[in-house]
Structure formats: C-alpha cells, structure tokens
K.L.:
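Take a look at the following structure, please.
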Amino acid sequence: MAKIKLGIAPIAWTNDDMPDLGKENTFEQCVSEMALAGYEGCEVGNKYPKDPSILKKALNLRGLQIASAWFSSYLLTQPYEQVEKDFRAHCAFLQAMGAKFCNVAEQGTSVQGKLDVPVFAGKPINTEEQWKMLTEGLDKLGKVAKEDYGLTMTYHHHMGTCVQTTAEIDRLMEQTNPEYVSLLFDTGHLVCSGEDPVAILKKYLPRIRHIHLKDIRMKVRDKVKAENMSFLDGVRAGMFTVPGDGDIDFGPIFDIVMKSDYEGWAAAAPGVCL
C-alpha cells in the first residue's frame with residue numbers, strides 16, 4: 001500500500017514565470033493557507049526566504065516540510081562544470097531544509113518561457129549528440145545528489161522542452177542510470193502533450209519517486225495548439241488547473257498508485273494562480 005504525503009506547490013498562489021499572477025500574495029499568506037488547507041509540505045517558490053534558518057522557522061511554525069524544489073539544468077547550453085556548481089548550491093539548500101528530493105528539468109533548449117514561440121510547433125527535438133550530453137550529464141548530477149547530499153533526483157518531463165513525449169521519456173529512462181535518475185510523474189504535462197498518463201505510470205512506477213497532480217482544460221489546450229500559442233500564454237488562458245476542475249480522469253491513476261509500493265510526495269501543482 002502506498003505511503004503518500006500530500007503537498008502543494010506555491011505556484012497555486014504566485015507564478016514565478018509570470019510574477020504579475022499572484023503578485024498580491026505574500027510568502028506568509030501562501031504558507032499559512034497551505035497549512036490551513038491541511039497540506040503536509042510544499043515545494044519552493046521565488047518568494048520563499050533563501051536563508052534555511054529563516055525558512056525553517058516559518059515552516060515549522062505551520063507544521064510544513066519542504067517536499068522538493070525545481071532546478072533548471074542547462075546541460076545542453078552550459079559547461080557541465082557550471083551546471084554542477086549551481087546544482088550543488090541547490091542541493092545544499094534542500095539538504096539544509098531536510099528535503100529528500102530534487103526535481104530537474106532541462107532548460108537549455110526549452111521554449112516554455114518564450115512568449116514568441118508556440119509551445120507545440122516550436123518544441124525542441126534533441127540530436128543524437130544532445131541526447132548523449134543530456135543523459136550523461138543527468139547521471140552525473142544524480143550521483144552528486146545521492147552521494148554528496150542524500151537526495152533522490154527526479155526528472156520532470158515538461159511541455160516545451162526536449163523531454164515531453166512518451167518516446168522522449170522512454171529514451172531518457174533507457175539511457176540514464178536508475179540508481180541516479182528517477183522520474184517525476186506529472187499528470188498535467190502528459191495529458192497536455194497528448195500522452196497516456198496511465199501507460200506511463202504503469203511502465204515506470206518503480207522508478208517514479210515524485211508526483212505532480214495537475215489537471216488540464218482540454219478546450220483551452222486545443223485552442224493553444226490550434227492557434228500556435230506559447231506555453232505561458234496557455235497558462236495565462238487557464239490551460240492548467242487544479243485536479244477535479246479539468247478533464248483528466250484521476251480515478252485510474254489514484255487506483256494504481258494507492259495499490260503500489262509508492263512512498264513519497266504527491267504535490268498539487270496547478271500551474272496557475274487560484
């Protein structure tokens with residue numbers, strides 16, 4: 001039977017990529033409302049204090065833990081040494097906060113933050129050389145996370161990036177070491193891309209170590225694709241939403257997870273301010 005801790009991402013209150021969304025919501029309001037809603041933990045946003053001692057005090061007061069935090073890797077566009085240096089600082093912060101997981105998404109060729117590039121038509125595709133750079137780099141980062149900081153590194157497949165589709169997730173899993181690279185399973189990004197989340201879940205459940213629960217409004221998603229809108233414009237239009245407010249059937253997903261040996265976080269991360 002799965003042992004799940006329920007968490008939430010602060011993007012439900014304030015959007016790091018588009019700061020005007022939720023700009024009126026303070027850090028204190030964000031974490032206080034998380035606690036009042038009954039969540040056990042949260043991910044990290046740009047409004048969070050960077051000093052672990054200050055952040056710990058604020059979270060302990062509310063009975064919250066840090067579940068994980070996003071790390072943007074640039075393995076395809078920066079020297080590996082620079083990526084590792086930044087990653088170590090990220091891991092040190094998470095370790096100080098008592099977290100057990102770090103989530104990585106390759107941003108070197110990503111279009112998710114580009115307002116002038118359509119998220120579907122403009123999606124990057126890796127070359128053979130890029131696949132080698134990415135997977136070898138991720139193995140190295142995962143080893144650093146595990147051996148030096150006691151963290152499990154999960155890879156976050158994401159819209160507008162080079163690891164988005166089923167085929168790309170398959171290749172990433174095939175070419176990385178399971179000892180160092182696990183998978184973050186994100187319902188919203190899979191459905192938005194046109195993938196089958198149940199198939200991905202069944203195939204990789206033993207290697208899935210973190211879960212993001214997002215829902216998708218398919219009418220908005222289809223409009224984003226048809227009109228060549230950017231990822232951020234899609235988010236602003238309400239493409240992502242909280243579980244139960246969109247079109248994803250979570251029943252089969254919950255059934256599989258709950259009957260499994262999954263142990264870890266399931267974090268609501270709707271991708272748009274409530």
Side-chain angles (χ1 to χ4, degrees), residues 3-17 19 21-75 78 80-107 137-138 140-156 158 180-182 184 186 209-213 263-271 273:
K3 297 179 182 178
I4 296 174
K5 292 182 178 181
L6 189 60
I8 192 165
I11 199 169
W13 283 263
T14 180
N15 192 302
D16 289 347
D17 295 320
L21 290 178
K23 63 182 178 181
E24 69 281 4
N25 297 326
T26 65
F27 161 72
E28 289 80 8
Q29 178 184 347
C30 174
V31 293
S32 293
E33 291 181 355
M34 288 175 178
L36 288 170
Y39 291 103
E40 298 176 73
C42 58
E43 299 192 356
V44 177
N46 285 348
K47 289 183 180 179
Y48 280 43
K50 302 300 188 289
D51 184 330
S53 63
I54 296 174
L55 182 54
K56 272 186 179 180
K57 183 178 180 180
L59 296 182
N60 288 343
L61 180 66
R62 297 164 173 86
L64 294 171
Q65 301 172 279
I66 291 297
S68 61
W70 169 288
F71 177 79
S72 295
S73 65
Y74 293 90
L75 292 164
Q78 291 182 352
Y80 173 79
E81 293 74 18
Q82 180 61 52
V83 177
E84 182 180 312
K85 179 182 177 181
D86 296 338
F87 185 66
R88 284 185 177 276
H90 180 80
C91 288
F93 171 79
L94 288 175
Q95 183 185 52
M97 291 304 303
K100 300 299 181 184
F101 301 93
C102 59
N103 306 329
V104 173
E106 175 59 29
Q107 294 297 296
L138 289 173
K140 291 178 184 177
L141 293 180
K143 185 175 183 179
V144 166
K146 180 179 181 179
E147 296 184 356
D148 294 352
Y149 300 95
L151 298 171
T152 296
M153 190 187 83
T154 64
Y155 190 88
H156 189 341
H158 200 287
Y180 300 129
V181 181
S182 298
L184 186 157
D186 190 303
R209 298 301 307 280
H210 203 72
I211 294 173
H212 275 179
L213 300 173
E263 185 171 351
W265 291 94
C273 291

K.L.:
Do Asp16 and Ile11 come close enough that some side-chain heavy atom pair is under 4.5 Å?
P.N.:
no
K.L.:
First locate atom CH2 of Trp13, then atom CD of Gln29, and finally report the distance between them rounded to the nearest 0.5 Å.
P.N.:
9.0 Å
K.L.:
Could you give the distance from CD (Gln95) to CD1 (Ile66), rounded to the nearest 0.5 Å?
P.N.:
14.5 Å
K.L.:
So do the side chains of Pro49 and Phe27 get within less than 4.5 Å of each other, counting heavy atoms only?
P.N.:
yes
K.L.:
So, for Phe93 and Leu55, which heavy atoms are closest and what is the spacing to 0.1 Å?
P.N.:
CZ-CD2, 3.6 Å
K.L.:
How long is the straight-line distance from OG of Ser73 back to CD of Gln82, given to the nearest 0.5 Å?
P.N.:
13.0 Å
K.L.:
Report the C-alpha distance between Lys140 and Val83 in whole Å, list the side-chain angles of each, state the deciding distance to 0.1 Å, and finish with yes or no for side-chain contact (heavy atoms from CB on, under 4.5 Å).
P.N.:
CA-CA 11 Å; Lys140 291 178 184 177; Val83 177; over 6 Å; no
K.L.:
Would you find a donor on one side and an acceptor on the other, under 3.5 Å apart, between the side chain of Lys47 and the backbone of Asn25?
P.N.:
yes
K.L.:
Kindly compute the distance separating CG (Leu184) from CH2 (Trp70), expressed to the nearest 0.5 Å.
P.N.:
9.0 Å
K.L.:
Go through the structure and list residues passing side chain to side chain contact (heavy atoms under 4.5 Å, CB included) with Glu147, not counting sequence neighbours.
P.N.:
Lys143, Tyr180
K.L.:
Considering all heavy atoms of both residues, which atom of Gly137 and which atom of Tyr80 are nearest to each other, and what is their separation?
P.N.:
O-CE1, 3.8 Å
K.L.:
Could you give the side-chain donor-acceptor pairs of residues 35-44 under 3.5 Å, partners two or more places apart or in another chain?
P.N.:
{"residue": "Glu40", "atom": "OE2", "partner": "Leu6", "partner atom": "N", "Å": "3.4"}
{"residue": "Glu43", "atom": "OE1", "partner": "His212", "partner atom": "NE2", "Å": "3.2"}
{"residue": "Glu43", "atom": "OE2", "partner": "Ser68", "partner atom": "OG", "Å": "3.1"}
{"residue": "Glu43", "atom": "OE2", "partner": "His210", "partner atom": "NE2", "Å": "3.0"}
{"residue": "Glu43", "atom": "OE2", "partner": "His212", "partner atom": "NE2", "Å": "2.7"}

K.L.:
I'd like to check Tyr155 versus Leu141 (side-chain heavy atoms, cut-off strictly below 4.5 Å). Are they in contact?
P.N.:
no
K.L.:
Using the salt bridge (charged side-chain N to carboxylate O under 4.0 Å, His left out) rule, collect all pairs that involve residues 52-69, keeping only residues at least two apart or in two chains.
P.N.:
none
K.L.:
Heavy atoms only: give me the nearest Cys102-Cys91 pair and the separation to one decimal.
P.N.:
SG-SG, 4.4 Å
K.L.:
Could you grab the distance from atom NE2 of His156 to atom CG of Asn103, nearest 0.5 Å is fine?
P.N.:
7.0 Å
K.L.:
Roughly how far, to the nearest 0.5 Å, is the OG1 atom of Thr26 from the CD atom of Glu24?
P.N.:
10.0 Å
K.L.:
If you take all heavy atoms of Tyr48 and Met34, which pair is closest and at what distance?
P.N.:
OH-CE, 3.4 Å
K.L.:
Test of understanding: with side chain to side chain contact (heavy atoms under 4.5 Å, CB included), list the residues that count as partners of Ala92, not counting sequence neighbours.
P.N.:
Tyr149
K.L.:
In terms of relative ring orientation, are His90 and Phe71 parallel, tilted or perpendicular, with 30° and 60° separating the classes?
P.N.:
tilted
K.L.:
By salt bridge (charged side-chain N to carboxylate O under 4.0 Å, His left out), which residues pair with Lys146, not counting sequence neighbours?
P.N.:
Glu179
K.L.:
What's the shortest heavy-atom distance between Gly45 and Pro10, and which atoms?
P.N.:
N-CG, 3.5 Å
K.L.:
Could you tell me whether the side chain of Val181 reaches within less than 4.5 Å of the side chain of Met153, counting heavy atoms only?
P.N.:
yes
K.L.:
Tell me whether the count of non-hydrogen atoms from other residues, nucleotides or ligands lying under 6.0 Å of NZ in Lys50 goes above 12.
P.N.:
yes
K.L.:
The criterion is salt bridge (charged side-chain N to carboxylate O under 4.0 Å, His left out); which residues satisfy it with Asp148, sequence neighbours excluded?
P.N.:
Arg88
